[in-house]
Amino acid sequence: MDAVVKKIIMEVKKGDQQAFAELVDLYKDKVYQISYRMLGNVHEAQDVSQEAFLRAYTNLDSYDMNRKFSTWLFRIATNLSIDRIRKKKPDFHLDDPVGGTEDLNYYSQIAADEELPEDKVVQYEMQEWIQNEISELPPKYRSAIILKYLEDLSLKEIGEILNLPVATVKTRIHRGREALRKRLRHS
Amino acid sequence: MACEKTKIEQLHKYLDEDMTLLEKKQLEQHLKSCSECEQHLRELRKTIAIVQSTSHVEAPPDFTAGVMNRLPKQSKPDKWKTWMRKHPFVLAAAVFMLLFVTSVSSFWSGGTGSQITVQGQGNFHIDEERSVVVVPEGETIEGNLIVRNGDIEVEGEVLGNITVINGDNYLASAGHVAGEINEVNQVLSWIWYETKSFMSEVVNVFNGSDPPEED
């Protein structure tokens with residue numbers, strides 16, 4: 001895996017732009033997942049994760065080949081997501097009324113070709129609820145929890161991505177877990 | 001709520017398996033007697049399970065194309081360089097083809113120019129203005145004749161072969177040719193002819209003898 005990634009990076013550095021598509025394919029789901037869980041919105045997630053790949057492409061010369069590429073890439077994605085959260089306008093919710101309409105909310109804008117089976121609805125609502133809970137966490141705990149429990153990364157890797165000592169990563173995970181516990185314990 | 005603040009920290013360390021065996025044993029002992037701490041640990045475990053139960057999201061299908069479209073456009077030379085690096089054989093073949101075609105065309109059109117030339121010995125004369133080689137009446141050519149970039153009119157006699165490259169052969173009623181008459185006007189047959197004559201020369205050099213006088 002690492003050898004394959006290094007080979008692709010060498011090709012991109014030599015000027016083969018098309019080889020970069022292979023890198024995107026390898027990491028797009030993970031990068032998208034980080035941005036989506038950080039931002040809680042598909043449009044912003046797509047925008048930020050694509051931006052992360054663009055930054056990776058234009059700054060490829062500053063990537064240290066002796067380090068793990070994914071760590072470097074996830075770091076770009078996390079930083080961009082945190083920047084976006086800081087700049088974020090007041091939250092946008094599906095329940096918000098659509099501008100210029102009376103009782104049309106964003107749910108009714110989502111195309112529904114067929115009735116969802118009930119268990120799917122339940123599952124969908126469950127996912128929505130968990131995402132909301134994650135989104136309520138302060139960003140510094142959110143990133144640590146996402147990297148630990150959704151990306152399954154080691155504390156050392158999380159530390160490298162967030163540019164923090166492992167001890168600080170531990171504290172953030174502890175605080176994040178504690179904050180989530182308080183919200184979820186009565187569910 | 002857990003009993004003491006220090007114990008909460010202990011519970012997290014316990015979850016992370018980040019404590020010594022002794023600490024672990026002591027905490028497990030404590031959990032048996034303290035329902036508050038035991039409850040707290042259970043809630044933390046449940047929290048982790050809930051977070052982990054979120055399905056993995058996937059990037060939208062057109063994601064990669066979207067990134068590639070937003071990449072800075074590469075300059076033309078870069079694209080060429082990359083392409084050439086990827087296809088060295090095509091490049092080699094193209095260079096070879098180019099050299100081959102230029103050398104062939106320079107032989108064909110340039111080389112001797114459009115000047116008429118004759119290879120062979122005997123009493124013929126060259127009419128430069130009309131680009132014609134004339135073998136006059138009563139004259140006999142013993143060997144072969146090769147005419148380039150011109151025509152040949154045979155009024156006398158030729159005992160060998162006649163080859164006309166890039167021209168025509170006119171045989172007068174009185175004229176006589178003992179050997180074969182070849183007209184080479186197509187590029188391909190000219191190439192074939194050149195190759196044949198080159199090969200026969202090589203063979204002759206290897207045989208260590210002069211080109212045979214075919215008659």
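To find a chain, count down the sequence lines: A is the first, B the second, and so on, and within it residues start at 1.
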Set out, in order, the CA-CA distance, both residues' side-chain angles and the distance that settles side-chain contact (heavy atoms from CB on, under 4.5 Å) for B:Met68 and A:Phe20, then state yes or no.
CA-CA 8 Å; B:Met68 296 310 285; A:Phe20 192 68; 4.2 Å; yes
Heavy-atom pairs under 4.5 Å with chain B, option from A:Arg37, A:Glu133, A:Lys30 with the top count
A:Arg37
Can you tell which of A:Glu11, A:Lys148, A:Lys14 has the highest number of heavy-atom pairs within less than 4.5 Å of chain B?
A:Lys14
In Å and rounded to the nearest 0.5 Å, what is the CD1 to CD1 distance from A:Ile134 to B:Ile50?
10.5 Å
Minimum heavy-atom distance A:Arg177-B:Leu44, with the two atoms named:
O-CD2, 3.9 Å
Give, as side chain, backbone, both or neither, the part of A:Thr171 having an atom under 4.5 angstrom from any heavy atom of chain B.
neither
Return yes if some donor-acceptor pair links the side-chain N/O of A:Gln50 with the main-chain N/O of B:Phe63 below 3.5 Å, else return no.
yes
Spell out, as yes or no, whether a donor-acceptor pair under 3.5 Å connects the side chain of B:Glu43 to the backbone of A:Lys182.
no
How far apart are the closest heavy atoms of A:Ile130 and B:Thr54, and which atoms are they?
CG2-CG2, 3.0 Å
I'd like to know if the side chain of B:His40 pairs up with that of A:Glu178 as donor and acceptor (distance under 3.5 Å, no hydrogens or angles considered).
yes
One thing to verify: whether B:Arg70 and A:Glu51 come together as a salt bridge, which I'm taking to mean a side-chain N less than 4.0 angstrom from a carboxylate O.
yes
Using every non-hydrogen atom in the two residues, find where B:Ser53 and A:Gln127 come nearest and quote the distance to one decimal.
O-NE2, 3.5 Å
Atom CG in A:Leu23, atom OG1 in B:Thr64: separation rounded to 0.5 Å?
10.5 Å
Test your reading of the model: is there a side-chain donor-acceptor pair from A:Asp29 to the backbone of B:Ala59, 3.5 Å cut-off?
yes
Would A:Lys170 and B:Asp16 pass as an ion pair if we require N to O under 4.0 Å?
no
Could you tell me which non-hydrogen atom of A:Leu54 sits nearest to which non-hydrogen atom of B:Val67, and how far apart they are?
CD2-O, 4.0 Å
